[in-house]
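The next block holds one structure in the form of structure tokens; read it before the comments.
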Amino acid sequence: MDYSKLINEYLEGELEIAEEQRLFSEMAYNDALREEFTDEVKLSNILAADATYETTPVEATDGVFTQLGFSIPTAAGRGAASGFWSKFSKTSVIAILLLFGTAVTSGILYFNGTLFNSDEKLTDNSNGINAVANTGIAINEDVNQINGNSLINAEGMNSFFNNLYDIVSSSFKVKDERNSTNSEFNRNNPNLYGLNKSSDLSIDSSELPNLNKSKNSKSFMKMLNQSQMHIMYSGNFAVPQMVPGDFVIIPVASDMMSNYPVNKKYSVQTKGALNSYYPNLDNINVDNMGSFEIAFWYNPNQNNSFGLTFGRSSFAQQFNTAEGIQYYQAPELFWLGASYKRLILEEELFGFIMPYSSVMAGASSIGPVLRLESGIEISVSGNFGIVLGAEGNSLLYNVDGKIYNSNNIGFIYGFKYNF
Amino acid sequence: MKKISEYTDIELIDSFSAKPKIAESAFAEFYSRYSDMLWNYIRKFTGLNEDVQDLFQEIMINFFEGGKKKKGKITNAKSFFFMVAKNRCINFLRDHRDFSDFAEGVYKNKSSDYADKHLTELILAEIQQMNYDDRDYLILKFYQDWSIREIADYHEKDEQFIRNKIWRARKKLIKKLKPYLNELKKINKIVLE
């Protein structure tokens, strides 16, 4: 029997039990065979240990992917780790997302709620005019009735006109439509004029641009917009001195209001970026051109917005694997996030520039993305605007149990459309 | 939809000729599975030190281009991959036959066990004295962990033929290493006493 072959088959795990017993019985008294067995085991151990084993150097990986025109694979892509999210269980990730979603929803509901309840807010437009300006005056009539020129509650209407007088009389002149002559609106005795119809007072559209010039008029426009009422002036331009008191409310085409920075409930925004990336990778060109972003905003009121944001950005990565290999790469990552935006001023600078700041928290395939952004929105028309600003992004990711960050900072440019 | 990490090797190679983004992902996944194997295969097959990276890159790129042309025709991805690697290594060695730099200081390894390192170097030096086919059998068996069956299929040989080849190679290696193995035994004995 060739016991050498039995040793080989034993080491291969292919030896049957009966032959294995025979081999070991023979070794019990055969010193030469025992020594051969020991040598074979030692050889197998040396081969298995493979003291010369190496992992592929990062330079070789870079060379291959660069020559093929591919981006260098991400940490998650090369299987070194499943990214930042591997730190958490699936359940905890879902829980975090639910908590975040609940917080965003609560914020939206909160702002909606305050529109109903706060005396400082203007109106709820879902049920006509409920509250006017900061007086808390109520006119319990349906907007449709107003638009249809039907009679409404006289007391409420007079109060409304009285308040209107406070807001606009310092800057604008109004006309009593019932008279061919201009007569001053008497705030102390509004019933004198019997102002109880929506068409009783009006303003011509040629006067509308002037409404931007005062804070009072801005508030007035906001109030009218939110109450779904529009105004028109039809006064006599031949009269050199128009007197306060002849304004008001008649239904007009909405495009007549388009020059005004009114609050729209929803907006969509696209954006590009010109960024610098950190860590700085000397030999890798990080592409700016592939970066883009689309955001859908919900604007519960004039100054606060909540958004859902989707985009793609490059991130420079420099990290070490558990094997001690250092990687330099710049993958382009898609991400999805939730945003909050705050318009900083109550009204636009020069009538068309509004500064803002925003924050975004999102998730990419290899970890969370955080952003701070600040800039200006420039109104081109009532619904369309240009966005310019600066942003800073940070990506957190995990490689072999260690958390790394990748940052970029730079300028942003984009467009916004309200609807 | 199946994730790219769940693709079989064959599916990955078939995806090399798909749309650029898919091809890129498929190649990246294949690379993550086989790059270390290829790197060590080249090191052991050629004994090269300086030119391994160039050869590695060339093989990977040739493999990607070759995979694109052979969509649907490859039945064993691993065999196809190492066939490309082996042929390129052989061509390289033939083209650079006069080089005397080979194997000198090649196996600068990470092992702290000097004895194991020395023995491994001896084994590899011995392997590199063999003809290309025998060299391939041993590297695939010893270092790439292929089964006898896989090697036999890959080389289109009988299993017993491969088994005998490897058995003879082991005998030859043990004979070569015997003085060192005996030394190790003595050292171990002293340490144990």
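Every chain is numbered from 1, with letters handed out A, B, ... down the list of sequences. All figures in this text were calculated on a predicted structure; none of them were measured in a lab.
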Interatomic distance, B:Ile123 atom CD1 to A:Leu47 atom CG [nearest 0.5 angstrom]
4.5 Å
Backbone N or O of B:Ser35 within a donor-acceptor pair of the A:Thr56 side chain at under 3.5 Å?
yes
Could you check if a side-chain atom of B:Trp167 sits within less than 4.5 angstrom of a side-chain atom of A:Ser4, using non-hydrogen atoms only?
yes
Bottom line for B:Arg33: the part with an atom under 4.5 Å from chain A's heavy atoms is neither
Hey, are A:Glu54 and B:Lys44 close enough for a salt bridge, meaning a charged N less than 4.0 Å from a carboxylate O?
no
Side-chain H-bond candidate by donor/acceptor type, A:Thr55 with B:Asp36, under 3.5 Å:
no
Between CG on residue B:Leu173 and CG on residue A:Asp39, distance to nearest 0.5 Å:
12.0 Å
Can you tell me how far apart CZ (B:Arg168) and CG (A:Asn8) are? Round to the nearest 0.5 Å.
11.5 Å
Using a 4.5 Å heavy-atom cutoff, which residues in residues 55-66 of chain B come close to chain A?
B:Phe56, B:Gln57, B:Met60, B:Ile61, B:Phe64, B:Glu65
Would you mind checking which part of A:Glu14 comes under 4.5 Å of any heavy atom in chain B, side chain (CB onward), backbone (N, CA, C, O), both or neither?
side chain
Going through the distances and angles, do A:Lys5 and B:Asn164 end up as a side chain to side chain contact (heavy atoms under 4.5 Å, CB included)?
CA-CA 9 Å; A:Lys5 285 198 174 181; B:Asn164 287 339; 3.5 Å; yes
So A:Glu36 and B:Arg170, salt bridge (Lys or Arg N to Asp or Glu O under 4.0 Å) or not? Walk me through it.
CA-CA 11 Å; A:Glu36 184 182 344; B:Arg170 290 183 72 103; over 6 Å; no
Which residues in residues 148-158 of chain B have a heavy atom less than 4.5 Å from any heavy atom of chain A?
B:Ile148
Hey, what do you get for OH (B:Tyr31) to OG1 (A:Thr61), rounding to the nearest 0.5 Å?
2.5 Å
One option among B:Arg163, B:Met37, B:Glu24 has the most heavy-atom pairs under 4.5 Å with chain A, and it is B:Glu24
